[in-house]
Amino acid sequence: MKEIKLKVNHKDYHVAIEEDMRLLDLLRNRLNLTGTKEGCGEGECGACTVIMDGITVNSCMVMAFQAENREIFTIEGLEKGGRLDPIQQAFLDEGAVQCGFCTPGMVLSAKALLDKNPKPTREEIREGISGNLCRCTGYNKIVDAIEKASEYRKEE
Amino acid sequence: MKLHVVGQNNMRVDAAAKVTGKALYPEDVSLEGMFIGKTLRSHKPHACITIDTSRAEAMEGVVKVLTYKDVPHNHYGVLMKDHEVFCSEKVRRIGDPIAFVVAVDEEVASKALAKIKVEYRELKAVFDPEVAMHQDAPKLHGESNIVYHYKLRQGDIEKGLEESAVVVENTYVTPMVDHVFLQPEAGVAHMEKDTIVVTTATQYPHFDQLEIAEALEVEKEKVKVINAAVGGAFGGREDITLQIHLALATKLTGKPVKAVYSREESFIAHAKRHAMVMTYKTGADEEGKLKAMEARIIGDTGAYASWAINIMRKAGVHATGPYEIPNVKVDSYAVYTNNPFGGAMRGFGATQPPIAHEQQMDMLAEALNIDPISIRLTNAFKIGSKTATGQILKDSVPLRQCIEAVAEKLGFSVVSRGV
Amino acid sequence: MKKRGKGIGSIFYGTGYGNGFPDVSRSVAVLRKDGKVKIYTGATEVGQGSKTVLSQIAAETLGISIEDVIFICEDTSITPDAGTAAASRQTYNTGNAIKKSCEELKRKIIDVTVKASGADAWEEINLRDVALNHKGQILKGEGEFIAETTEMKDETGQGNPYWPYTFNVYGVEVEVDTTNGVVEVIKAVCAQDVGRAINPKLIEGQMDGGFAMGLSYALFEDLNIKNGEIKHNKLTNYLIPTAMDVPDLEKIIVEDPEATGPYGAKGIGEPVMIGVAPAILNAIYDAIGVRITELPATPNKILLALKKKREVAL
């Protein structure tokens, strides 16, 4: 057992963790943030993507202790004052959601991409989400949604 | 007809919950005081087994180890009921469930799995469906490995082939593949007074309810299935996986029990698309008009039948492709082997034959010096067409429109002959 | 050398259970106290969008907006059995059951309203007022739909196993690198018969998804089963496409309403993937002159086939 400090979705936490605990388990089981999903447990599918200090990570491949003093964003931290993030809105508007299991990770990868590159080309978008697998949508409407989100963010 | 909602791009009613992470999939559900369940599975493709769970049961933190002895009615399956909830005497594939450990947490459950002793007395196994069809092959269930044979006969195949200017022949092979729905199987079961409640992700909750009730020998009304958000299915959630295990565990312990499969366990737990070997002979006259088609399709359904009968029937019915052919002979078979079991997957037996019939069409076209579009248009189903099963297509047959639209968009050169 | 080729795949697909198997969907429509309508049915939302499409059918039938439809499908103890979310059957089968339940609810509402107030046109009826005026009374409609299917003859396979049939055609252009055997799909078109499009955007989503799955079936997926053991049992070795592997798909929705479908609609969930693999295989032949007869068409198989072709030519 070890005590760590971290910030998740703007909130400070002090939590006791086990040495072999993954960040994914910390988020899901300790902090009850179940929006982060586990699809493979080996960093291939991206369903567990979260943003750590501005960079996307597969939370199944990061140990909980590695998150000490870090700032994490999960899907639950995207809404502002009850309003959807423009990326979430674009996913709705473009029909980019089907079963929804890849969606949280996909939205966070999109956020990390757009934070770095506000107006990506379709190819850059495809590359930006290439670590996130989706079995339902064939990705095309997700690419549409991220293009649309780029426009929404410009308007804001 | 003036329509006001039909035809509109209404936003998905379930999407807002999904983009915010609020949608609850079964693994997101946790109940106070719940136990964790883990499955012990066969490592051998074909073997007689004896099981000793005593060392696992003696472990601290292990609540119960379920085996076939705990199941009132140890059979289930979408059609044939050839699965056992837990194998009693024999395993028929790698991955067959043998026991289910119920423990206070995941760590204890995993350790307990390793303490269960299974003695395997290996039996001769068969992995090639064509070999499995022989009378002297090792049998999976009963007297023959041939689960089903569909025969389709129309016209006179010999005459049709004789009348053809060109006949092309080939054999096409497709492998077993997986659905890879992104959310691996998961579920939580609990008791609501004397009703067993199973929260899971399934394609058909009412059928799961029936199968759980039959296996546990309780009234159907005493089982409730709650379908949480389903993370994709594609046919892979047709057959039961963990539902009966969880229901039995909660009934016997009185406490909530949860199980979540890893991706590796998901691969081994659910059905696969049938591997098929398809041998085709197709003949056409000089104008490219199809005269005859003969096909033999062998489907590997692995260790259990699941939907094999319906799937291989569907393969047979769709073997011609969407074309009028006066003389047709199709034999399709579903065959047991010691491979992973075949079941429903998007297309359900109609996905494999086009690998064959569409290449046959192009081969005929090439031999006759006709382009691929024209030969399809010459033979395409239209309103009033008779299928190989003798069915008259009476309405909504826009195949020609579809072919023409694709040809135009892709800029196919159409060297029309006989259209 | 990179070589390009085009190919087409054309298919038909019989929806529903087939072969005379009882194919039944049920729905119950209930007027809620606030004038909204609850639909109870066992049809599962697996991601395909059935909850939305079926809500649209209910809204259309009752002349209300989709926001006024409360769709309940998650609990076996309160929903009627609507069959499985498979066989591309929910839009057609359960769609028909929902339409019937809503039509019955509509008749009942007209009955009580005409008796009470003399209003006779549906458009003049305010559901909130009806609910308020008939508080003690449960106004509900039940709908059951049974698909048309007959059992085929044992010896000849003759009969009418499915209805309706849905049609799908794919055309693709591929680029094959003859030095390493890699096949890239560079252009793709799908024409999908839908009967009637209930929600075009959701249909497009199915087409995109079916295309990716079909492409993957043709080029990538292999469980590598050896002596009954799945060797590719992780996402590190069982490959499915990433966003980099799937090109944009040009989608053509072909409407030709089916008389027995709800507002003319047919099922499309499976047909959308079936034509892909044969189109790719035909395009590979067009590009490099070899027939790949065993899936998946991996670089290794392409190179072997090319080698064999050269040997034959010598």
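Convention: sequence-line order gives letters A, B, ...; per-chain numbering from 1. The shown structure was predicted, so the numbers you read here are calculated from the model rather than taken from an experiment.
- Ion pair B/R12/C/E45 flagged as a salt bridge, since at least one NZ, NE, NH1 or NH2 atom sits closer than 4.0 Å to an Asp/Glu carboxylate oxygen.
- Residue C/T150 does not touch chain B at all, counting heavy-atom pairs closer than 4.5 Å.
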Derivation and outcome, side chain to side chain donor-acceptor pair (under 3.5 Å), residues C/Y285 and B/Q359
CA-CA 9 Å; C/Y285 180 84; B/Q359 297 208 74; over 6 Å; no

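- Heavy atoms of C/P271 lying under 4.5 Å from chain B are absent altogether.
- For chain B, the nearby parts of C/I198 are the backbone and the side chain; heavy atoms of each come within less than 4.5 Å.
- In this structure, chain B has a heavy atom under 4.5 Å from the side chain of C/V272, while its backbone stays farther away.
- Qualifying side chain to side chain donor-acceptor pair (under 3.5 Å) partners for C/S77, counting only residues two or more places apart in sequence or in other chains: C/D75.
- Salt bridge B/E366/C/R291: absent, no basic N to carboxylate O contact under 4.0 Å.
- When heavy atoms are compared at a cutoff of 4.5 Å, C/Y162 approaches chain B by way of both its backbone and its side chain.
- With contacts defined as side-chain heavy-atom distances shorter than 4.5 Å, the pair C/V169/B/L399 qualifies.
- Heavy atoms closer than 4.5 Å to chain B are found in the backbone of C/I64, but not in its side chain.
- Checked against side chain to side chain donor-acceptor pair (under 3.5 Å), B/Y280 has no partners two or more places apart in sequence or in another chain.
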